[in-house]
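Accompanying notes for the structure given below.
Numbers restart at 1 for each chain; the letters A, B, ... are given by sequence-line order, proteins then strands. As the structure is a computational prediction, the values presented were derived from the model and not from experiment.
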4 protein chains.
Amino acid sequence: MTDESADVPPRRGRPRSTKTREAVLAAARELLLESGYQRLTMEGVASRAGASKSTVYRWWPTKGVLVLDAAADEIAIGSVPDRGTTEDDLRSAIEQLIETFSRPLASIVIFAAITTVEADPEMAAVFREKYVYPWRLTAAQAIERGIERGDMASDNTQFILDVIVGTVFQRTLIIKEPMTEGLADHLLGLLIS
Amino acid sequence: MTDESADVPPRRGRPRSTKTREAVLAAARELLLESGYQRLTMEGVASRAGASKSTVYRWWPTKGVLVLDAAADEIAIGSVPDRGTTEDDLRSAIEQLIETFSRPLASIVIFAAITTVEADPEMAAVFREKYVYPWRLTAAQAIERGIERGDMASDNTQFILDVIVGTVFQRTLIIKEPMTEGLADHLLGLLIS
Amino acid sequence: MTDESADVPPRRGRPRSTKTREAVLAAARELLLESGYQRLTMEGVASRAGASKSTVYRWWPTKGVLVLDAAADEIAIGSVPDRGTTEDDLRSAIEQLIETFSRPLASIVIFAAITTVEADPEMAAVFREKYVYPWRLTAAQAIERGIERGDMASDNTQFILDVIVGTVFQRTLIIKEPMTEGLADHLLGLLIS
Amino acid sequence: MTDESADVPPRRGRPRSTKTREAVLAAARELLLESGYQRLTMEGVASRAGASKSTVYRWWPTKGVLVLDAAADEIAIGSVPDRGTTEDDLRSAIEQLIETFSRPLASIVIFAAITTVEADPEMAAVFREKYVYPWRLTAAQAIERGIERGDMASDNTQFILDVIVGTVFQRTLIIKEPMTEGLADHLLGLLIS
DNA sequence: ACTTAAGCGAGACGGTACGTCTCGTCTTAAC
DNA sequence: GTTAAGACGAGACGTACCGTCTCGCTTAAGT
């Protein structure tokens with residue numbers, strides 16, 4: 001009878017402090033909500049968390065990595081379910097987008113991840129790989145089911161995705177006035193023939 | 001008999017140097033294309049232009065103002081003409097957007113103006129007032145003409161504007177892969193019933 | 001009639017602030033006396049002086065350069081005069097050494113300059129060039145005058161210099177107990193035959 | 001048969017590793033010779049020795065203590081013998097000094113021990129107690145024998161000690177050019193009447 | 001021609017954050 | 001109890017830009 005979980009790495013040295021980790025992430029969240037992404041500094045996070053700069057840099061080499069970690073729960077968007085009808089599927093997708101983009105912390109971090117490509121391409125890449133592509137894949141599948149059923153006003157999946165994401169992004173993160181209520185209905189009216 | 005042009009201030013002292021002004025704007029354009037908006041520094045612009053920092057700050061109090069001035073010609077988008085048919089009008093609007101967003105310098109500056117709200121709200125405000133609203137107004141008029149003719153798939157003007165701008169922004173400035181050719185046709189197919 | 005002082009360099013830009021310069025040097029002196037050379041930090045000096053780090057680094061690139069400047073007056077040892085008799089000349093030399101090594105600030109800085117060679121060879125080099133060699137040259141001349149007169153107990157100038165400097169250094173900077181009063185007489189008794 | 005040495009404390013747990021101890025001391029010696037005292041770090045010694053920092057700190061609380069331990073053999077200077085004549089005794093003393101100060105490792109450590117008082121007074125104290133005073137005591141006795149015999153040019157023992165130590169220190173550790181050969185003779189010529 | 005006033009370059013200045021480094025302490029699991 | 005590993009708080013390092021501030025020189029328009 002052998003140990004079944006033999007693939008556990010043999011941890012050595014002082015283990016990482018959960019307390020410090022959470023203090024740093026909490027400090028990052030607070031400062032994001034107070035001052036935004038640009039004005040957040042690694043030094044400020046360390047200070048607010050009662051941690052040292054070296055500890056912060058040891059685990060989060062850049063600001064982008066840090067805030068993606070700090071807001072991970074809020075950013076997570078899940079995947080688009082298969083509810084049986086095209087309208088229900090697309091409505092799910094659109095409402096997931098609207099809901100996620102409307103969370104205060106998530107909106108700040110997502111906006112930063114998208115718009116800071118130039119200064120921090122790695123942040124954008126991590127964000128895409130981890131959050132955007134998985135959702136986009138299931139959303140594309142939902143759209144393709146709709147196309148097969150003959151329900152869609154366009155047969156170009158990528159284009160429809162761009163319409164949905166672009167419009168919701170525009171309305172919720174750029175033009176910030178509400179109108180979010182009717183947004184899903186308007187989009188469905190346009191996309192479903 | 002009074003002075004006809006009473007609003008002309010009696011300029012005294014050394015007049016502003018056109019040469020310096022143009023050297024600074026040219027330096028800003030070069031650095032934008034070489035390094036992007038974030039990595040551009042006022043210090044770098046002054047140095048490249050052979051000007052002093054105080055001269056740069058005298059005329060362009062912030063990086064945003066400077067960059068909008070430097071790219072003014074490329075950013076100008078004009079207004080949506082009245083060509084007689086809904087399709088022609090909308091196609092004009094969409095192609096103006098695509099064309100403008102595709103110019104190298106304009107794309108950098110517009111992207112910065114839209115996404116830097118947090119760090120430089122004034123830049124965003126100036127950009128909206130001077131470039132976005134005028135175009136958006138004539139685009140809204142074109143859409144309303146289409147609604148009156150009964151050509152549009154939706155009767156909500158602001159929503160349609162968000163679809164157009166959001167989709168084009170998404171495709172040209174966020175997801176940078178081409179497909180720009182078919183974009184106008186796809187959008188027209190969706191928006192015109 | 002032409003301008004006689006045409007060789008004045010044409011000063012450009014904002015002139016250096018004398019006030020800041022003196023505040024930094026005074027802060028350095030205070031911290032040297034309070035904490036010693038090793039514990040003095042550039043950051044501490046800037047802070048105490050109400051100056052910024054960049055200003056300190058602009059003018060004094062290393063700690064060694066800064067403290068040599070801060071203590072310049074106290075370190076200056078002059079040169080050995082020619083008083084006519086060997087005894088008077090040597091007594092002058094020895095008393096200059098003792099007096100200089102006994103000043104609180106000078107002793108700290110000289111000790112640092114001598115003993116930090118390994119970590120900051122430039123400081124040691126500047127110190128030697130500017131303060132040690134000039135004095136050593138005139139002291140050597142005084143010794144040679146004594147040798148020519150047949151007054152000296154040894155005819156090796158460098159050796160006698162090492163005896164004088166080594167003994168005074170040993171007594172005043174290493175073994176710090178007094179006995180400094182009789183030191184000059186004892187040395188003269190030994191060196192003059 | 002019982003344990004004969006009952007006064008040995010009943011050691012428990014893992015015994016100290018002789019191998020590790022020697023690896024650390026050897027690493028310290030290597031790094032002293034390669035980089036000098038200032039640039040030697042506890043971290044570097046641990047790393048070179050394949051030991052952990054905590055092990056190094058457990059047994060050698062400071063860099064000074066470690067380095068004195070690592071160079072103990074080379075630093076040891078013995079005591080001044082009584083050879084019967086003043087000249088032989090003093091020559092022994094001076095040559096012991098010169099020889100010790102000329103060993104590469106010893107010169108580094110002694111120089112550090114003497115000049116690091118400010119930063120590490122404990123190191124200086126340990127060095128004085130363990131190496132300086134014992135030798136100084138026997139050297140003083142040799143000098144006093146010379147004074148009693150009427151051989152010395154001065155009757156102040158401490159002063160003569162300072163002349164000897166100061167001059168040799170000056171010549172071998174500060175001014176590093178040779179001339180060490182004639183040094184003992186020159187000193188004897190001066191000190192013996 | 002002479003005065004006046006703004007433009008301009010150079011560059012010093014106080015700040016602030018950067019990311020790196022070493023320090024000496026602490027916390028584990030393995031031995 | 002000792003060890004290797006290595007996380008941790010602390011704090012200085014030297015650099016880069018920020019936006020402001022003197023300076024002395026230049027350049028015209030108004031006298």
D/T55 vs F/dA4: side-chain N/O to OP1/OP2 distance below 4.0 Å
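D/T55 to F/dA4 OP1/OP2: side-chain N or O found under 4.0 Å.
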
For F/dT3, take OP1 and OP2 only and decide whether either is under 4.0 Å from a side-chain N or O of D/W59.
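So the side-chain polar atoms of D/W59 do come within 4.0 Å of the phosphate oxygens OP1 or OP2 of F/dT3, strictly under.
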
Can you tell if the side chain of [X] reaches within under 4.5 Å of the side chain of [Y], non-hydrogen atoms only?
X      : Y      : answer
D/K53  : D/M42  : no
A/V126 : A/V65  : no
B/V24  : B/L66  : yes
A/W60  : A/V45  : no
C/M123 : C/L68  : yes
C/F127 : C/V109 : no
D/D120 : D/K63  : no
B/R58  : B/R16  : no

Whichever of C/P15 and C/K63 has its nearest DNA chain F nucleotide further upstream toward 5':
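That would be C/K63.
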
Whole angstroms only, please: what is the [atom1]-[atom2] distance between [X] and [N]?
X     : N      : atom1 : atom2 : result
C/W60 : F/dC13 : CH2   : P     : 15 Å
A/R58 : F/dA10 : CZ    : C1'   : 12 Å
D/Y57 : F/dA5  : OH    : P     : 17 Å
C/R48 : F/dA12 : CZ    : C1'   : 17 Å
C/R14 : F/dC23 : CZ    : P     : 8 Å
A/K53 : F/dC8  : NZ    : C1'   : 16 Å

Is the cationic atom of A/R21 (NZ for Lys, CZ for Arg) positioned less than 6.0 Å from the six-membered ring centroid of A/W59 and within 45 degrees of its normal?
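Here A/R21 fails the 6.0 Å and 45° test against A/W59.
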
A/S54 side-chain proximity, nearest of E/dC21, E/dG7, E/dT25:
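Between E/dC21, E/dG7, E/dT25, the one nearest the side chain of A/S54 would be E/dC21.
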
By the 4.0 Å heavy-atom rule, please label B/A51 as base, sugar-phosphate, or nothing.
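Sugar-phosphate: the residue B/A51, judged by heavy atoms under 4.0 Å, touches backbone atoms but no base.
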
Where along residues 17-44 of chain A does a heavy atom fall under 4.0 Å from DNA chain E?
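Within residues 17-44 of chain A, the residues near DNA chain E are A/T41, A/M42, A/E43.
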
What N/O pairs connect the protein and nucleotides 1-4 of chain E at under 3.5 Å? Give each pair on its own line.
{"residue": "E/dT4", "atom": "O3'", "partner": "B/R12", "partner atom": "NH2", "Å": "3.2"}

